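Encoded as structure tokens, the structure appears first; notes follow it.
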Amino acid sequence: MLRIDFGVLGEICAWVDGQAIELGPARQRSVLAALLVKVNQPLSLSQLTDCVWGEDPPRRPAATLQSYLSRLRTSLPAAWDGGIRRSGGGYLLRADESAVDLHRFLDLRDRARTSDDATAELLYEQALELWRGEPFADLDTPWARAQRHVLQGERLGARLAYHDVRLRRGGHAALLGALESLAAEHPLDERPAAQLILALYRSGRQGEAFQQYERIRKRLAADLGVEPGPDLRLLHHQMLTAAVAPAPAESAPTPPTPPAATTPASAAPVEAVVVPRQLPAPPSVFVGRPRELATLDDALTGDGTDRVAMISAIGGYGGIGKTWLALYWAHHHVDRFPDGQIYLDLRGFDAGNAPMPVETALRLLLGALGADPAAVPQRPEEQTALYRSLTARKRLLIVLDNVRDTAQVVPLLPGTPSCTVLVTSRNQLPGLIAGHDARHVPLDVLDPAEARRLLLHHLGSERVEAEPEAVAALVERCAGLPLALSIIAARALMSPWLPLASLAEELRAESTRLDALDAGELSADLRTVFAASYRALEPQAARLFRLLSLHPGPDIPPPAAASLMGVDARRPMAGLVRAHLVTEHAPGRFALHDLLRDYASERAYAEDTEAERDAALRRLLDHYLHTAHAAALLFYPNRRAIELTEPLAPGAVPVVLRDQQQAADWLARENQVLLWAVKRAADAGLTTHAWQLAWSLADFLNRQGRWQDILTTQQAALEAARDHDDLVAQCRAHQIIARTHLRLGRYDDARVHLDHALDLSTRLGDLALQARANHSLTMVFSAQEQHSEALAHAQRALELYRDLGDKSSTADILNSVGWEHAELGHHREAIDHCEQAVALFESLGDPYGLAAALDSLGHAYHRAGDHDQAISRYRHALRLFQEAGDRVEQTVCLLHLGDIHRSAGDEAAARKEWRTALDILDEIDRPGDDPVRTELAARLGLTGDR
């Protein structure tokens, strides 16, 4: 039977009998990747659209997806018994899960977790050998980046577990190199550090082991302000006292579980066997959380007699549903804990009370286990010893809810592996995770479908189905936060006559949204819930939290956060991450939930002065302006650049970009925030920031074919310039708007703006701006096939550029002069001017300008009837456009290549070039009314949208 193997743990690949299958362009591979991650499970068109484009889909995503799916079906062999099939309103990929490296990895890892050490070692090795590099390495979409981040964590966990197995089996010497590399990659992770220290010590390199311990101790103190966790400190103590367990032989079996601790002599008597049943009632309504529930289920391995200890630190900010998850899971597994279930609220973030002292918690736990209160020891360490004696060998579930920090919970952990502990906290608990091997179960918001189901359970189908639009608005404006959805449902239930649309309207305005999420009690007031976490922050972390409300993007990197604060923001940001007030959803990208942003904005307006907020905004805009300007110069180094006329605000931190690729990557990551920055600068009256940011973005957006974004940013800059009577800014905005209209075929609109630009530049007496206006008019008249007028403006621009000594622009306009001569049939003049342009661009070292000039020279030779020379120049131009990453110009060059092949009588070669160009336009989602697409479709006999 024919078998196809698929790979996502590296680049997206597929193989038949070891032969690679061509899977098409990146977005087409994104479709396949999404189907592979959910193999044998249907994905709706909406889900596929999110995976492929995120928040920026094309105008007709369904049609484009169907085109990708059709091509993928064609790529896969017909003899294969699997395939892509419709399922309901979506699609699924039918295949054996073992044929997908991701699912094979997860299966091998899961089997290793429940196997003896010898078997586990082999299974982990097989699992890790499946990795070919970064997962989804050839995809750069929000979905792929998120998947990549999650899977890299899964891989790290498997590597660490594998190292634990090897260390238990005496493989310390062979592991040293790998452990040194892993510890260097994760300098703040105590687990690989402990593994390296143990391996060094057992290898007879005790001095290096102590140095390694001191290195991570100092790093934790400097970066996180914490000491090493209990396990790492214990290992250090054991090394100091020469008490480290000797290494077993390589083939030694897994050491047996140590016997339970004996009851100390000071233990208080227990009057009777007590089976506590303290769990509060389960949540009446619970939806979603399949991944988190599966993680908790996975921790309950074995038949109940040899189960390892499981501490699950369930984390997330207030209102995310930590307690609901813990109680829901606990009630569904009470049969696994015949010796009882204990519940304790440690009040770590209680709005009206201080966190519960450890001594109080221990007394409550001892009472739950039946200890005589009068005989409980007074000293906390003796209470802990008694508690661990009473829990020894018992199969108990202990739920420690609302924990403040690791120090509060460690004395409450049983000492033997028969108990299971669930810990919930708004804070990350790195000490618990690193020092006690706790499984971190981070909670995210509910997706829209889950949020709607939660409202449906609360309000009933009749009320929900009566107002579908209002329900959709409630789901969107509660942003997936379970407590917010429950509060709004409670208000609806208390006022059954109130239309849901009225509640949705209350949630519309950001300034009053939190008022609508107050049902009248502390436990049902989202603002109070958020306030408890906010009050626990250190002052600098609280200040950063407030200032983050000024940043509009979906996430923020460290340099932008530092610019907001005016100082290094790494430590305050780490505090916000630990408090779950922000999430690091990708390395170096920190996100703030929409409702938390509203609360942060309230605190900013209540606690920070207007001058402080304005200064923070100015630093942030300076960060984006200076970085974007540097990126623009790297993108087009010979462009006649603007100078940034205002100094960098103290405390603003631009990103240092070293080459064009770094510039492109930064612009791609930050493009949505940069678009906002233009508008925000204009609204704030910072005209110079507005137009200079818009100018800095224009080339990048043009190369991406994102012309509507160019028009939006330039229009904002133009309006701000008019409000402040800035004629230079107005002139530049008019010119860029005109060129964009020209690319869209809107020639009359382009003429209007260029007339304004020429008038303004003449009034200013600015020869450079006059030259640019004439240059742009050349392009407009040429597009309208008025080549005599175009040539006249080009020659005027050439004269001005030469007077200014602007060699780059001179080369550019020589190219235009040559093109117009070609159109007028002046073949010798056309070739002469284009060759001058080629020579000048070569002397300037401008490959992008050279590509444009070679394309024009090819056109001149084409008009002169010299097909071989034309094809040679077009091919050279195409290579340069490909190296520059300008996919728009690649399509234009391919269009010309097809034309010359047709003129030479080779119709098949012509159609191949045009089809390649059209595929590129599909890939970059160019609109159906794009002039280049229209030309290509006409030559291929297709409609504009295929």
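Since the model is a prediction, treat every value here as computed from it, not as a measurement. Sequence positions, counted from 1, serve as the residue numbers for this chain.
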Give me the atom names and distance for the closest heavy-atom approach of [X] to [Y].
X	Y	value
Asp855	Ala877	N-CB, 3.8 Å
Leu634	Gln660	O-NE2, 3.3 Å
Ala716	Ala682	O-CB, 3.8 Å
Ala837	Ala811	CB-O, 3.4 Å
Ser696	Ala632	O-CB, 3.4 Å
Phe136	Ala33	CE2-CB, 3.7 Å

Is the side chain of [X] donor-acceptor paired with the backbone N or O of [Y] at a distance under 3.5 Å, no angle test?
X	Y	value
Arg619	Ser563	yes
Ser872	Asp868	no
His629	Ile642	yes
Asp138	Ile12	yes
Ser809	Asp806	no
Thr627	Val655	yes
Asp766	Thr762	no
Glu889	Leu878	no
Thr891	Val888	yes
Arg29	Gly24	yes

Just wondering, do [Y] and [X] contact through their side chains at under 4.5 Å, heavy atoms?
X	Y	value
Leu744	Leu711	yes
Leu697	Leu701	yes
Arg706	Phe700	yes
Trp53	Arg27	yes
Val673	Tyr624	yes
Gln795	Leu791	yes
Pro61	Leu45	no
Gln28	Arg71	yes

With a 3.5 Å cut-off and no angle check, do the side chains of [X] and [Y] form a donor-acceptor pair?
X	Y	result
Asp50	Trp143	no
Gln735	Arg739	no
Ser856	Asn815	yes

Going by an N to O cut-off under 4.0 Å, is there a salt bridge joining [X] and [Y]?
X	Y	result
Arg915	Asp919	no
Glu670	Arg589	yes
Glu913	Arg875	yes
Arg939	Glu935	yes
Arg746	Asp749	no
Arg722	Glu719	no
Arg618	Glu646	yes

Give me the ring orientation class for Tyr874 and His896: parallel if the planes are under 30° apart, tilted from 30 to 60°, perpendicular past 60°.
tilted
For [Y] together with [X], are the ring centres under 6.0 Å from each other?
X	Y	answer
Tyr848	Phe841	no
His753	His741	yes
His775	His793	no

Please test Lys679 against Asp683 for salt bridge (charged side-chain N to carboxylate O under 4.0 Å, His left out), starting from the C-alpha separation and ending with a verdict.
CA-CA 6 Å; Lys679 185 177 186 305; Asp683 292 344; 2.9 Å; yes
Going from CG on Leu895 to CD1 on Ile900, what distance comes out if it is rounded to the nearest 0.5 angstrom?
12.0 Å
Measure the spacing between NE2 of His862 and CG of Asp899 and express it to the nearest 0.5 Å.
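Interatomic distance, His862 NE2 to Asp899 CG, rounded to 0.5 Å: 6.5 Å.
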Only one of His826, Glu823, His827 clears side-chain hydrogen bond (donor to acceptor under 3.5 Å, both in side chains) with Arg863; which?
Glu823
Determine, step by step, whether Ser903 and His867 satisfy the side-chain hydrogen bond (donor to acceptor under 3.5 Å, both in side chains) criterion, reporting the C-alpha distance in whole Å, the side-chain angles of both residues, the deciding distance to 0.1 Å, and the verdict.
CA-CA 8 Å; Ser903 296; His867 297 158; 5.0 Å; no
Would you check, one step at a time, whether the test side-chain hydrogen bond (donor to acceptor under 3.5 Å, both in side chains) holds for Gln770 with Asn774?
CA-CA 6 Å; Gln770 289 178 44; Asn774 278 285; 5.7 Å; no
Are there over 12 heavy-atom neighbours, none belonging to Asp659, within less than 6.0 Å of that residue's CG?
yes
Test Arg902 against Asp906 for salt bridge (charged side-chain N to carboxylate O under 4.0 Å, His left out), laying out the working first.
CA-CA 5 Å; Arg902 173 174 279 182; Asp906 191 343; over 6 Å; no
Decide yes or no on side-chain hydrogen bond (donor to acceptor under 3.5 Å, both in side chains) for Asp665 and Gln661, but give the supporting numbers first.
CA-CA 6 Å; Asp665 291 344; Gln661 186 58 53; 2.8 Å; yes
